[in-house]
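To keep things clear, I will list the structure first and then write my remarks on it.
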There are 2 protein chains.
Amino acid sequence: MATRDTGAEENIKEAAKRIFFVEGKLNATTQDIANEAGVNRTLLNYYFRTREALFDQVYKEALSALSQKMDEVFKAELPFRQKVENIIEVFLEDIITYPFKEIFLISEINSEHAEIKKSNEPENPVFRNFAIEVEEAMKRGEVNRIKDPYHFIINLFSLMAYPVIIRPLNEKLLNFTKEEYDEILKNRKSEIINLLLN
Amino acid sequence: MATRDTGAEENIKEAAKRIFFVEGKLNATTQDIANEAGVNRTLLNYYFRTREALFDQVYKEALSALSQKMDEVFKAELPFRQKVENIIEVFLEDIITYPFKEIFLISEINSEHAEIKKSNEPENPVFRNFAIEVEEAMKRGEVNRIKDPYHFIINLFSLMAYPVIIRPLNEKLLNFTKEEYDEILKNRKSEIINLLLN
DNA sequence: CTTTTGTTTGACACTTTTGTTAAACAAATA
DNA sequence: TATTTGTTTAACAAAAGTGTCAAACAAAAG
């Protein structure tokens, strides 16, 4: 049986991700994506049927990859401080590499199509468990007392993601040059740890 | 001279803002906007010439309104702590009302068109001045020591904006119900103050 | 009430983008 | 080398979206 995989399908998805997550062109045409992938546009329909189906698939893969990565770092058996440092390292790198990924995901969730199932998935205990660890760290005095440990998680991601997402706007409003902003981002990790942990 | 202003032009812009900033439909068609405004689509071309011109104008107005609001609250002659509380109150309300505004702005900045001038505007001293106030507050011990006071500003906006922007994703990944998330947001102000100020 | 001025609309033409089809093509197997 | 299988393409058809125009319309001014 003749079978060969030129990897075209994967290339197309990779190209789409570059366009969406890196360049931030959220309403790229199928032609744009075909160009980026270096293939004929018809091929997109061959593999994915419709434009929406391609978007959906990229969406789903990105979401499940994100979910999986979260599981990994949040479940790790490490002392609290190390775990937090690890989380920051992992996610900050990802966010900086794909600054528009979260915006794309939000857009997709928000858009009509994308047969997004109403989280019929069983509740993931990862965050519930991590919240307990936060509580314990609070008791030990490693983290400042707060009402709800979920705020700790939200704070953590806010402090990592937002500066990257908002970069173009900040460079306008806060008059940062690219170099200055890179410098800011380079210091984020220690900045965040400093703020969240005692 | 016969002159009457039915306010249609303003209505269209308001409709566009609702669609972009509230509903988050970033690639709404001119028809979508006309429907939302309750007018004929041609009217959009009459007033704004092209779709892009409408987008640009909404973009510019939102940006300058944001800029102006920033000036206002950051310049206010208030004790540091009160000023920060004020900033949080003002922006949190705005962000919750228009959760997609910043994403729209980023998208516009990122898009080809939008003859976005490379900030030829003279540098706005507002943040520079506020950064000095942060320094002083650090010396007085009201704020934890950090390397660069600009991180304080970035932290502040991150903690306000991100939880709102990312809401749809968080409700998926962290398994929050709408009610639970509303509760979280309600507590943000005190949470942020607690974290940033001593 | 007629004119003037500016507003609103429906119909049309144009462009962009998407989706389909049939044929050409390339590589592995026999 | 011929066959099979799967890949890639150009050309076409259909759909969606944008922009223009001329005519109808409404309100203020004369």
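Here the structure is a predicted model, which means the values were calculated and not measured. Naming: A, B, ... by sequence-line order, numbering from 1 per chain.
- Taking atom CZ on B:F55 and atom C1' on D:dT18, their separation rounds to 12 Å, with Å as the unit.
- Shown here are the side chain to side chain contact (heavy atoms under 4.5 Å, CB included) partners of A:D148, two or more places apart in sequence or in another chain: A:Y150, A:H151, B:I184.
- Taking B:T29 as the reference, B:D32 meet the side-chain hydrogen bond (donor to acceptor under 3.5 Å, both in side chains) condition, with sequence neighbours excluded.
- Taking a cutoff of 4.0 Å between a charged side-chain nitrogen and a carboxylate oxygen, B:R167 and B:E171 qualify as a salt bridge.
- Helical stems in DNA chain D, defined as runs of 3 or more consecutive Watson-Crick or G-U wobble pairs with donor-acceptor distances under 3.5 Å: C:1-30 with D:1-30.
- With sequence neighbours excluded, the residues satisfying ring pair (Phe, Tyr, Trp, His ring centres under 6.0 Å) with A:F104 are A:F20, A:F21.
- Residues passing the side-chain hydrogen bond (donor to acceptor under 3.5 Å, both in side chains) test with B:R140 are B:E142, sequence neighbours excluded.
- Taking the side-chain hydrogen bond (donor to acceptor under 3.5 Å, both in side chains) definition, one finds that A:E183 meets it with nothing, sequence neighbours left out.
- Here the P atom of nucleotide D:dA15 and the CD atom of A:E52 are 16 Å apart, to the nearest Å.
- Which of C:dT20, D:dT8, C:dT8 sits closest to the side chain of A:N45 comes down to C:dT20.
- A heavy atom closer than 4.0 Å to some atom of DNA chain D occurs in B:T29, B:T30, B:R41, B:T42, these being the qualifying members of residues 29-44 of chain B.
- Figure legend: A:R51 and A:F48 shown without cation-pi pairing, the cationic atom not lying both under 6.0 angstrom from the six-membered ring centre and within 45 degrees of its axis.
- Contacts of A:F130 classified as ring pair (Phe, Tyr, Trp, His ring centres under 6.0 Å), with partners at least two apart in sequence or in another chain: A:F74, A:F80.
- Phosphate proximity of C:dT21 to A:Y46: absent, as no side-chain N or O sits under 4.0 Å from OP1 or OP2.
- Protein atom CZ of B:F48 is 18 Å distant from nucleotide atom C1' of D:dT20, rounded to whole Å.
- Going from atom CZ of A:R51 over to atom P of C:dT20 covers 15 Å, rounded to whole Å.
- In this entry the distance linking CD of A:E9 with P of D:dG6 reads 14 Å, nearest Å.
- In this structure, A:Y47 atom OH and C:dG19 atom C1' are separated by 17 Å, rounded to whole Å.
- Counting only residues at least two apart or in different chains, side-chain hydrogen bond (donor to acceptor under 3.5 Å, both in side chains) contacts with residues 72-81 of chain A comprise A:R81-A:E85.
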